[in-house]
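These values consider heavy atoms only, across backbone and side chains, with no hydrogens, waters or symmetry-generated copies. Protein chains get the first letters and strands the later ones, always in sequence-line order, with residue 1 at the start of each.
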Amino acid sequence: MIDLKVLRENPEIVRASQRARGEDEAVVDSLLSADERRRSAISRADTLRAEQKVLGKEVGKAKGDDRAALLVKAKDLAAEVKAAEAEQNATADEVNELLARIPNLVHPDAPVGGEDDFVVVKTVGTPREFDFEPQDHLDLGTKLGAIDMERGAKVGGSRFYFLRGVGAQLELALLNMAAAQATANGFELMITPTLVRPEIMAGTGFLGAHSSEIYHLPNDDLYLVGTSEVPLAGYHADEILDGERRYAGWSSCYRREAGSYGKDTRGIIRVHQFNKVEMFSYVKPEDAEAEHARLLGWEEEMLAKIEVPYRVIDTATGDLGTSAHRKFDCEAWVPTQQKYRELTSTSNCTTFQARRLNVRYRDENGKSQIAATLNGTLATTRWIVAILENHQNADGSVTIPEAMRPFMGTDVIKPR
RNA sequence: GGAAGCGUGGCAGAGCGGCCGAAUGCACCCGCCUUGAAAGCGGGAGACGGGCAACCGUCCGGGGGUUCAAAUCCCUCCGCUUCCGCCA
């Protein structure tokens with residue numbers, strides 16, 4: 001949630017952010033008035049409660065007729081307090097409900113617009129010229145005995161797959177390489193729960209506009225996570241940290257992909273379940289922007305290791321997640337699509353998630369402050385697409401990028 | 001799945017319906033003492049909300065109830081522990 005103080009002192013910032021996202025601006029004024037009513041309700045209830053406290057003590061001391069008379073007064077006051085508290089709760093609920101509808105404030109430098117209005121920050125490497133007709137990742141993967149889509153569908157339905165043999169090895173090599181890099185860079189490796197409680201899912205901002213993306217188990221009221229960002233953000237909920245923290249979460253991720261019918265139906269680009277190593281940082285708000293640049297740097301370090309051409313984009317405001325202040329994606333070149341496709345995504349969520357989840361840190365003066373959270377992808381199953389297609393050879397074999405060989409144990413994988 | 005018990009401040013751990021935001025110990029901070037430290041002595045220190053402030057209010061797992069008054073009594077949900085059963 002956003003900071004109410006910012007809203008009170010600078011509502012125009014919030015309005016501008018809403019405009020940039022293409023979201024409702026009127027909610028800002030509704031919230032301002034609800035906040036005003038809430039504060040006066042608090043003040044009324046506080047005053048009455050203070051009176052009640054004093055009177056209650058007198059009742060305790062009084063005897064006989066005095067006591068009876070005081071009791072009558074106290075009963076009336078109790079009724080007033082109850083009414084005032086009801087008003088306080090009602091206005092607080094109203095504020096919270098409106099607050100929950102406002103996504104994070106966007107970064108002033110983020111490009112304004114929709115999905116296609118991103119800005120290319122840079123392009124690294126050049127797409128390879130093939131002297132043969134390149135195969136797509138599914139043809140390659142099938143012939144290599146790496147991907148079994150048909151049986152995936154038989155067992156789990158559409159958008160499910162088996163990684164087998166060298167495919168499974170390739171994924172483990174990739175994720176292990178990511179885990180090793182993260183550890184070397186000071187991240188603590190974490191294997192997280194992939195089912196979480198509603199408060200945690202809501203706290204990370206995924207139960208708002210994008211809730212249809214999320215699997216829910218109604219019998220247990222648990223949600224399947226679409227990224228280990230969710231459990232890692234919840235990890236320190238209701239805690240006060242004594243410094244910054246960096247975690248690398250390894251988990252399976254589950255996405256319903258509702259509303260993407262017909263999109264990327266071939267292969268493992270868009271699937272219901274995949275694995276991912278995700279970086280997650282807790283830092284002071286003033287360090288968040290610098291941390292965001294560092295996360296992007298570590299993503300690029302990983303991309304360099306798989307030796308594929310890629311570009312970095314600054315995502316447009318309309319395409320930001322609820323919690324994101326700014327987002328950079330790294331997109332790898334996919335030869336058979338003649339397109340760049342997203343491999344990583346790093347978001348600066350500023351204090352938005354931490355405020356909902358009540359994650360704080362102790363500042364130099366010993367005061368508690370809301371922390372900032374950031375996340376960024378280090379590797380996912382989808383990376384296999386880029387590796388297979390970019391490093392394929394005319395005979396259908398695939399050369400393993402040098403940095404991955406120690407993790408893979410071989411230089412090349414061949415059709416069976 | 002059944003049964004019982006428990007959930008209090010950074011940690012441990014007291015707590016009679018009003019004198020409880022809460023004893024005590026440890027840890028922490030500041031003094032004194034000491035060449036320095038430890039010990040000892042004295043003092044300080046929770047979180048959140050409202051207010052320019054003095055100050056006021058809220059918070060004893062969450063929510064609801066009883067009562068003039070709830071950490072304390074009742075209901076409910078969540079979590080933890082133990083025992084039994086079942087399954088891996």
Hey, are A:S17 and A:R21 close enough side-chain-wise for a donor-acceptor pair under 3.5 Å?
-> no
Q.
Can a side-chain donor-acceptor contact be found between A:T227 and A:K276 if the only test is distance below 3.5 angstrom?
A. yes
- Item | Rounded distance in Å between the P positions of B:G63 and B:G9 | 15 Å
Is there a donor-acceptor contact under 3.5 Å linking the side chains of A:S323 and A:N104?
no
From CG of A:D221 across to C1' of B:C77 the rounded distance in Å is 12 Å
Value for NZ (A:K284) from CD1 (A:I370), rounded to nearest 0.5 Å, stands at 15.0 Å
Once base and sugar-phosphate atoms are separated, protein heavy atoms under 4.0 Å mark nucleotides 46-62 of chain B, 5' to 3', with B, S and - as -SSBSS----SSS----
Distance col, row A:L170:CG vs A:L163:CG, nearest 0.5 angstrom, shows 8.5 Å
*Between A:F187 and A:W298, how do the two ring planes meet: parallel, tilted or perpendicular, split at 30° and 60°?*
perpendicular
request  = Can you tell me, in whole Å, how much space there is between the C1' of B:U24 and that of B:C75?
outcome  = 33 Å
Parallel, tilted or perpendicular, as decided by the 30° and 60° cut-offs, for the rings of A:H236 and A:Y282 | perpendicular
note: A:D220, atom CG; B:C77, atom C1'; distance rounded to Å ~ 15 Å
Exercise. Can any side-chain N or O of A:T315 pair as donor or acceptor with the backbone N or O of A:K327 at less than 3.5 Å?
Worked result: yes
Nearest heavy-atom approach of A:V398 to A:L144 is CG2-CD1, 3.9 Å
Would you measure the distance from the C1' atom in B:C41 across to the matching atom in B:C6 and give it in whole Å? 39 Å
Handout entry: C1'-based separation of B:U58 from B:A22 [nearest Å]
Key = 15 Å
What are the atom names and distances for every N/O pair under 3.5 Å that joins the protein to nucleotides 68-74 of chain B?
residue: B:C68; atom: OP1; partner: A:K75; partner atom: NZ; Å: 3.3
residue: B:C68; atom: N4; partner: A:R67; partner atom: NH2; Å: 3.4

With both pairing distances under 3.5 angstrom for Watson-Crick or G-U wobble, and | for a partner in another strand, the correct string for RNA chain B is ((((((((.[[[..)..(.....]]].(((((.......))))).(((((....))))).[[[[[..)....]]]]])))))))....
Check your understanding: Would you call the rings of A:F160 and A:H272 parallel, tilted or perpendicular if under 30° counts as parallel and over 60° as perpendicular?
Key -> tilted
Taking the same atom, P, in B:A71 and in B:A27, what whole-Å distance lies between them?
31 Å
When you check the side-chain N and O atoms of A:E389 and A:T336, is any donor under 3.5 Å from an acceptor?
yes
- Please measure how far the C1' atom in B:C55 lies from the corresponding atom in B:C60, and state the result in whole Å. 24 Å
Worksheet item: Say you pick atom P in B:C87 and the same atom in B:C16; how far apart are they, in whole Å?
Response: 45 Å
TODO: Pick the P atom in B:A4 and in B:C20, then give their distance to the nearest Å.
DONE: 35 Å
